[in-house]
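In what follows, chains carry the letters A, B, and so on, assigned in the order in which the sequence lines appear, proteins first and then strands, with residues in each chain numbered from 1.
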Amino acid sequence: MATKREVDEATQTETTGHEWDGIKELDTPMPRWWLWTFYATIVWGVIYTILFPAWPLVTGATPGLLGYSSRGTVAAEIDAAAARNAALDARLIEADLATVENDPELLRFATAGGAAVFRNNCAPCHGAGASGVVGHYPNLLDDDWLWGGTLADIQQTVSHGVRFEADADTRFSQMPAFGEMLAPEEIDALTAYVLSLSGQASDAPGDVQAGAQLFADNCSSCHGEDGTGGRDFGAPNLADGIWLYGGDAAAVHTSISDARFGIMPAFGDRLRPDEIAKVAVYVHTLGGGE
Amino acid sequence: MTQASTDSSPLFAAAEPIFPRRVQGRFRTLKWWIMGVTLAIYYITPWLRWDRGPALPDQAVLVDLPNRRFYFFFIEIWPQEFYFVAGLLIMAGLGLFLFTSALGRVWCGYTCPQTVWTDLFILVERWIEGDRNARVRLWHQKWNAEKVRKRTTKWTIWLLIAIATGGAWVFYFADAPTLLGELVTLQAPAVAYLSIGILTATTFTLGGFMREQVCIYMCPWPRIQAAMMDEQTITVAYRDWRGEPRGKGTRRRAAAEKAEAEIRAAGPRTGGTSPLLPIRDAAGQPAPAAAARAAEIEHYGDCIDCNACVNVCPTGVDIRDGQQLGCITCALCIDACNEVMAKIGKPPNLIGYLTLADGERERLGEPPVPVLRRILRPRVMLYTVLWAGIGLAMIVALMLRTDMTISADPVRNPVNVTLSDGSIRNTYELRLRNMTGYDRVFRLSAEAESPVALELQNATGLDVTVPANATLRQRIYLTSAPDSPASATPLMPVTLVAEDEGSGRTAREETVFHGRQP
């Protein structure tokens, strides 16, 4: 800036020397308070980096004098929420689960919490919508229950699991694989009979009359004489429209000859009692509860 | 401060202190009234009551952030109706455009909070420290007991006004009487004290010390208005063709002219007693020296360069330099100049409201265009139509909105459930909204070609009680019999109906029922 700068005649103000289409820019001095504001932001910045986590180091950052961390904030908020919910949690554990659904406040609290527990623990198998997977995991929305659909039944199943050997109180049953015990045409006959129980038209090749006798001899002790199942053994109802492993002739044939069953882990050790109560209420309110 | 180089002006300059002088006149009176009315609206509004029934707050204007409600007298806005607020903001924006294209920076000059509060602070300052000359003296005076006393008194009153300003603000966000009780007993939420603190600090600083600096350096509006004004816009201007060349002593010249006219009327005579009166020869012609003086009298314009217009200006500009960024068109210079014009016996409005185009016409001696024609031009009309159109649309929308609605989300995971008897069940999340101040019972029903049975989750019967001023979420089930057409149809339209048992009014929602999927 060795040369003298041009001065605008009308305002007696220096120009910046920039020119666009004959229009020049005045170089008006900034107000001094603006400069002080700028210095104040610098001071603020220095103080901030001392008080709060700021400067990156090799494995972390300077912690700051106030000891603030966003994780700490989240933890504090979670603790605060837990503290707010403690009274309701205690009430839920104390309450007889069957009465929860008559208490609107407790019901709302339990279903909201149960939905979260369900998504974190149950959704991987039963699905986020609790509709299960045909051939693998039962649908929890319908009114058909292997082990019972009352709140107490559901709570028991969630706590101790199904065929989960690590839990002594687990629900347990095992269907034999009839493929090793009966002749192929006998299984065909059983298949035809089982399909007839739910009134389905089927093209299964077997003899229904022979199947009826075979059913009475081999299956009725668990599935019942009329095929409506036995919840003490987790024996499914064969006379309804719901088929865990598929309801066509081939699927039923496979189920009889190979004996299919599922395993559900016990959640008694993994969830708190209030969480089990909540998820039981949640599942019970999905539409099929008894 | 550092300088870029010796031959350059400084990068930073201290603000020149401004001591606006007191002035009287039409526009000053108008501004007092506007100041009184706007401040009264601001301070009193939160204390107005409006009965909405026991379940709703009785504050006429309330922004209820925790409950997501905005109350404005008979109107209640829910968050999903925020378009009403957006519409108001658009109207405020268009209103600014409208007023700027018609009347220039009339918002800045009369109603901007910065102008109103600065005016109030200057009023206090003048009351404590005296008018302009006394304040200039006090500014230069060394710190002594008098200066300390006056400054402390002034700052204390400013601070009280600032606290009242910040305090009034928080009353718009909570029940005012309750919050006032909490504030004085130190029970109020921390955010209330924080808001009052911040607004007190900004009011004190911006109104007391920053003043015109806010208008000139901080506010974007002066920049925008430069693009919105044109030569048809009414603004404050100096009639330089009348005032220039300016010169002092005009009052004495005017007196001389008057005396001369009287003498002329009395008949021809020679000589004169006043050095200002032209000396005439025997033929009655002005002597050469007198002719020169007369020419000088002719030569001067009406402006006597008394600086009254500059001394009263709250932003410290000289309006005689023409249109400029610092001028907020507060019109105080008009009042100040008219006072002077009256004293020296000249016609008023040497400084006045006129358009740049009018200025050109007056300069050429053409008659001025009527003010109404300046205002009623296509651009202003277009803004008015847009502004009024949005306002009308909002009023219509407000009249048409209902106080009960139903909306349904079909649950799609899974789309349906087969029950053990083979029937098909669909699940829906209902939202039932009751915008009134009392609880209402809605009876639900489903209408479809093939009947479907309706059940409520966790409830018996088909009635739901929706609390006052709330949205209720209710899960419902629609079930079709195993061999009904509904079960066989992949997608069947269904209408869900909520009927208010009190009034018999209904709200309807169209949705679909998923039968067995192919």
Novice: Looking at B:Trp158, B:Phe204, B:Phe209, B:Trp155, which hits ring pair (Phe, Tyr, Trp, His ring centres under 6.0 Å) with B:Phe121?
Specialist: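 Of the listed options, the one satisfying the test is B:Trp158.
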Novice: Below 4.5 Å, heavy-atom pairs only: which of A:Gly287, A:Gly288, A:Gly241 has the largest tally toward chain B?
Specialist: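 Answer, by heavy-atom pair count under 4.5 Å with chain B: A:Gly287.
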Novice: Centre of B:Phe12's six-membered ring, under 6.0 Å away, within 45 degrees of the axis: is that where NZ or CZ of A:Arg32 sits?
Specialist: no
Novice: Quick check for you: among A:Ala128, A:Gly127, A:Ala130, A:Gly129, which has the greatest number of heavy-atom pairs under 4.5 Å with chain B?
Specialist: A:Gly129
Novice: In plain terms, say whether B:Asp240 and B:Arg246 are close enough for a salt bridge, that is, a side-chain N and a carboxylate O under 4.0 Å apart.
Specialist: no
Novice: For chain B, which of A:Leu107, A:Asp144, A:Leu286, A:Asp143 has the most heavy-atom pairs under 4.5 Å?
Specialist: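 Of A:Leu107, A:Asp144, A:Leu286, A:Asp143, A:Asp143 has the most heavy-atom pairs under 4.5 Å with chain B.
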Novice: Is it the backbone or the side chain of A:Asn139 that comes under 4.5 Å from a heavy atom of chain B, or both, or neither?
Specialist: side chain
Novice: Could you tell me how the ring of A:Trp34 sits relative to the ring of A:Phe38: parallel (under 30°), tilted (30 to 60°) or perpendicular (over 60°)?
Specialist: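 Because their plane-to-plane angle is under 30°, the rings of A:Trp34 and A:Phe38 count as parallel.
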Novice: Can you name the closest pair of heavy atoms from B:Ile328 and B:Thr315 and give their distance?
Specialist: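 That would be CG2-CG2, 4.1 Å.
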Novice: With a 4.5 angstrom heavy-atom cut-off, could you sort out which part of B:Arg412 is near chain A: side chain, backbone, both or neither?
Specialist: neither
